[in-house]
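Residue numbers start from 1 in every chain, and the chains themselves are labelled A, B, ... in the order their sequence lines are given, proteins ahead of strands.
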2 protein chains.
Amino acid sequence: MPLDLRPSEALGLWHAATLEHVRVIGPDLTIRQLAILLHIYLAPPPHTVRGLAAMLGVTKPVITRALDTMGHMGLVRRVRDDRDRRNVIIKRTVDGALFVEKLGDIIIAEGRKLALAEGSGA
Amino acid sequence: MPLDLRPSEALGLWHAATLEHVRVIGPDLTIRQLAILLHIYLAPPPHTVRGLAAMLGVTKPVITRALDTMGHMGLVRRVRDDRDRRNVIIKRTVDGALFVEKLGDIIIAEGRKLALAEGSGA
DNA sequence: TCAGTATAATACGGTACCGAAACGAACCAG
DNA sequence: CTGGTTCGTTTCGGTACCGTATTATACTGA
């Protein structure tokens, strides 16, 4: 049960991985956008604008803007729903999958470093 | 060694906690600001503008702006260094400590939920 | 005292976000 | 075919961020 974290572990991991995130990925993604991206790639499809908005407790324009930005980065893709052409289905992309994978690598790497440090220090 | 995470655990935790972060805390903190805040509260002082800038690989104005914003929120406090009055020492505040603690609570709570879900499902 | 260096803050033009409101397109019921 | 509803998008004024360049202040050494 590796996810039963102690406070120092939880915050230490957040600290290390967030720092590395900024260093490697840069500022070109807000926390909201990151949450949206992770949800698209980790929760089962289909994903719609209103669904994402409800999930995060934000308004729809927030989702539209985030999809604009991330679509321009190639991280997601929009497709009209043919069964109800009012809907937009948000699709994953190869670049987006690579991005998420890279983020996972950062978290795992920083977690390993902390495990070593805590194992010897505390 | 609870920090030796598997990819699904690492990303699942990030997903859940980031989502909850957005829901509870809102958009009023960028990833850079979050990294700066966590570093101030988790790394040993003293913290200076140039030190934080070097740590994150960003320019000093980035730090100055972040301190303006977070200072206005009451999360950090600036104090001139009397021994070298060119320096600014960044101090912690009660509100900032509470904020970081709340973030830790979110991560731990989401980690527990995932541990339960994975324990039964995978 | 007078350069030279170092620190943090500020100015600038550009971009992107924010919430709230209005909008057009697509469905649906009568 | 007409009025109401549900989509996602766009617009609006305002705010904050971005990187780069510049500024003011403070220390240092000749």
Side-chain angles (χ1 to χ4, degrees), chain A residues 18-19 21-40 45-91 99, chain B residues 18-19 21-40 45-91 99:
Chain A
T18 305
L19 242 143
H21 179 137
V22 170
R23 279 196 282 244
V24 173
I25 296 176
D28 297 333
L29 218 50
T30 69
I31 290 185
R32 280 180 167 182
Q33 289 166 354
L34 180 61
I36 294 168
L37 190 71
L38 287 175
H39 190 74
I40 292 169
H47 300 291
T48 63
V49 172
R50 73 187 179 286
L52 293 172
M55 170 71 47
L56 287 152
V58 302
T59 60
K60 287 185 295 179
V62 167
I63 305 297
T64 294
R65 283 188 292 253
L67 293 180
D68 287 345
T69 301
M70 296 192 296
H72 196 262
M73 294 183 199
L75 301 180
V76 296
R77 189 163 49 92
R78 274 189 262 225
V79 177
R80 275 281 165 195
D81 183 358
D82 278 331
R83 328 221 295 197
D84 184 342
R85 297 189 54 75
R86 290 173 301 179
N87 293 337
V88 164
I89 309 294
I90 293 95
K91 298 283 195 179
F99 182 97
Chain B
T18 305
L19 243 144
H21 179 135
V22 170
R23 279 196 282 243
V24 173
I25 296 176
D28 297 333
L29 217 51
T30 69
I31 291 186
R32 278 181 168 181
Q33 288 166 353
L34 180 62
I36 293 168
L37 189 71
L38 287 174
H39 191 73
I40 291 169
H47 300 291
T48 64
V49 172
R50 74 184 180 289
L52 293 172
M55 169 71 48
L56 286 153
V58 301
T59 60
K60 286 188 291 181
V62 167
I63 305 297
T64 295
R65 283 189 292 252
L67 293 180
D68 287 344
T69 300
M70 296 193 294
H72 195 262
M73 295 183 199
L75 301 180
V76 296
R77 190 163 47 91
R78 274 189 261 224
V79 177
R80 275 281 166 196
D81 183 357
D82 278 332
R83 329 222 294 197
D84 183 342
R85 298 189 53 75
R86 290 173 302 180
N87 293 338
V88 163
I89 309 293
I90 293 96
K91 297 285 196 180
F99 181 98

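Residues A:Asp81 and A:Val88 have side chains not in contact (no heavy-atom distance under 4.5 Å, counting atoms from C-beta outward).
A donor-acceptor pair is defined here as one N or O able to donate and one able to accept, closer than 3.5 Å; no such pair exists between the side chain of B:His47 and the backbone of B:Ile90.
If you take CD1 of B:Ile89 and C1' of C:dA8, they are 12 Å apart, rounded to a whole angstrom. If you take CD1 of A:Ile63 and P of C:dG19, they are 11 Å apart, rounded to a whole angstrom. When the P atom of C:dC17 is taken as reference, atom CD1 of A:Ile31 falls 14 Å away, rounded to whole Å. Straight-line distance from the CG atom of A:Leu34 to the C1' atom of C:dC17: 16 Å, rounded to whole Å. Atoms CZ (A:Arg78) and C1' (D:dC7) sit 13 Å apart, rounded to a whole Å. Whole-Å rounding puts the A:Leu52 CG to D:dC7 C1' distance at 14 Å. For A:Arg83 and C:dA26, the CZ to P distance is 18 Å, given to the nearest whole Å. In this structure, B:Leu67 places its CG atom 10 Å from C1' of C:dA8, rounding to the nearest Å.
Evaluation of the side chain to side chain donor-acceptor pair (under 3.5 Å) rule for B:Arg80 yields no partner, not counting sequence neighbours.
Expressed to the nearest 0.5 Å, how far CZ of B:Phe99 lies from CG of B:Leu38 amounts to 8.0 Å.
B:Ala35 approaches A:Val22 most closely through the heavy-atom pair CB-CG2, 3.9 Å.
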In residues 23-30 of chain A, what donor-acceptor pairs under 3.5 Å come from side-chain atoms, sequence neighbours left out?
residue	atom	partner	partner atom	Å
A:Arg23	NE	A:Glu20	OE1	3.3
A:Arg23	NH1	B:Met55	O	2.6
A:Arg23	NH2	A:Glu20	OE1	3.3
A:Thr30	OG1	A:Arg32	N	3.4
A:Thr30	OG1	A:Gln33	N	3.1

List the protein contact pattern of nucleotides 16-26 of chain D with one symbol per nucleotide (5' to 3'): B for base contact, S for sugar-phosphate-only contact, - for none; contact means a heavy-atom distance under 4.0 Å.
-SBBBB----B

